[in-house]
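Before any comments, here is the structure.
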Protein chains: 2
Amino acid sequence: MNEIYLANNTTFNCPVEATTSLIGKKWVPSILMLLADKPYRFGQLQAALTKCSKKVLKQQLNLLSASDLISNTKATVANTVESTYQLTPLGQSLMPIVFAMKHWGNQHLICNRESA
Amino acid sequence: MNEIYLANNTTFNCPVEATTSLIGKKWVPSILMLLADKPYRFGQLQAALTKCSKKVLKQQLNLLSASDLISNTKATVANTVESTYQLTPLGQSLMPIVFAMKHWGNQHLICNRESA
DNA sequence: CAGAATCCTATGTGATACTG
DNA sequence: CAGTATCACATAGGATTCTG
């Protein structure tokens, strides 16, 4: 049987489990959704994900980078650092699945409290 | 903006996050894979998932039941209980995504230590 | 602006033993 | 056979503070 080793040195027997270990992180879907549209700077991501702390945001960006789903370029402009994140081709290859999950969630999981 | 309320009384703003909260549990993908093939009894699931404790197995089966992804029927045969689990239509509607995740994981995440 | 370091809490997961 | 109960542990996530 094949084992799957991820960049973060975790091991899985089940490919679905390995995939969810990436997508399953709390803010990763939202991050991917944003980056699917266009590259974002760190601060822009933070602004978009107001309830996500810098630590966790950076943590999950690191995971995505280590897994080669996103790439990161830094530049120094006017004495400040600009850190830009964007999807890699591998990250883009995952987006159809993320969108399928979004669609399924919207179709099947929404229940409005008023109508309940 | 829509909020998503799951059967386990958790709330999400992001449908992908809500979906992964179901698929993302450690043994859920494996359970779904098994049930996609045919109904299983509790003991059969346990035998197939040797490294999953009864407690966690039951816990995740409960989550799937509460979310209406699987159904459970019990029967008493020869003084013992037979508890059978099977996919609901809703659970089946999720399988294409699970298989897509499996496929993506196999395509992109496998790295064999020998070749590394 | 981006990020690293520290501390704290909630949750998920697991081992074991017990019950109807 | 199919659970439940209890204890213990690892990890994820968050709040706050500090740095180049």
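Order of the sequence lines sets the chain letters (A, B, ...), proteins ahead of strands, with each chain counted from 1. Remember, predicted model here, so these are calculated numbers, not experimental data.
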Just how far, in rounded Å, is [atom2] of [N] from [atom1] of [X]?
X: A:Q59; N: C:dG3; atom1: CD; atom2: C1'; value: 13 Å
X: B:F42; N: D:dT4; atom1: CZ; atom2: C1'; value: 11 Å
X: B:L61; N: C:dG12; atom1: CG; atom2: C1'; value: 16 Å
X: A:L45; N: C:dC1; atom1: CG; atom2: P; value: 13 Å
X: B:E82; N: D:dA2; atom1: CD; atom2: C1'; value: 11 Å
X: B:Q46; N: C:dA15; atom1: CD; atom2: P; value: 12 Å
X: A:Y85; N: C:dA2; atom1: OH; atom2: P; value: 8 Å
X: A:L57; N: D:dA12; atom1: CG; atom2: C1'; value: 15 Å

Take A:I97 and A:T19 through the side-chain contact (heavy atoms from CB on, under 4.5 Å) test and state the conclusion after the steps.
-> CA-CA 10 Å; A:I97 295 181; A:T19 306; 5.6 Å; no

B:Q60 near the nucleic acid: base, sugar-phosphate alone, or nothing, with a heavy-atom cut-off under 4.0 Å?
->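 Contact class for B:Q60: sugar-phosphate only.
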
Closest nucleotide of DNA chain D for A:K51 versus for A:K54: which of these residues is on the 5' side?
->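 Of the two residues, A:K51 wins.
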
Have A:K58 and A:N62 got a donor and an acceptor in their side chains that come within less than 3.5 Å?
->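 Short answer, yes.
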
Give a yes-or-no answer on whether the side chains of A:N8 and A:S67 include a donor-acceptor pair shorter than 3.5 Å.
->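 Result is no, nothing qualifies.
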
Around atom NZ of B:K38, are there more than 12 heavy atoms of other residues, nucleotides or ligands at under 6.0 Å?
->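 Counting other residues, nucleotides and ligands, NZ of B:K38 exceeds 12 neighbours.
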
Is there a side-chain contact between [X] and [Y] (heavy atoms, below 4.5 Å)?
X: B:L32; Y: B:L64; result: yes
X: A:V28; Y: B:T20; result: no
X: A:V16; Y: B:F99; result: no

When rounded to the nearest 0.5 angstrom, what distance separates CD in B:Q92 from CG in B:L35?
->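 Result: 10.5 Å between the selected atoms.
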
Can A:L57 and A:I31 be said to form a side-chain contact (heavy atoms from CB on, under 4.5 Å), step by step?
-> CA-CA 9 Å; A:L57 177 56; A:I31 294 171; 3.8 Å; yes

Within residues 62-77 of chain B, find the residues that approach DNA chain D with a heavy atom at under 4.0 Å, and present them sorted by residue number.
->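 Residues of residues 62-77 of chain B that come under 4.0 Å of DNA chain D are, in numerical order, B:K74.
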
Residues touching DNA chain D, which here means a heavy atom under 4.0 Å, drawn from residues 19-38 of chain A =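 Heavy-atom cutoff 4.0 Å gives A:K25, A:K26, A:W27.
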
Quick one: is D:dG3 close enough that its OP1 or OP2 comes under 4.0 Å of any side-chain N or O from B:S83?
->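 For D:dG3, OP1 or OP2 has a side-chain N or O of B:S83 closer than 4.0 Å.
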
Can you tell which of C:dA15, C:dG20, C:dA2 lies closest to the side chain of A:R41?
->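 Closest nucleotide to the A:R41 side chain: C:dA2.
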
Under 3.5 Å, is there an N or O donor on one side and an acceptor on the other linking the side chain of A:K58 and the base of C:dG3?
->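 Counting by modelled atom types and ignoring angles, no donor-acceptor contact under 3.5 Å is found here.
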
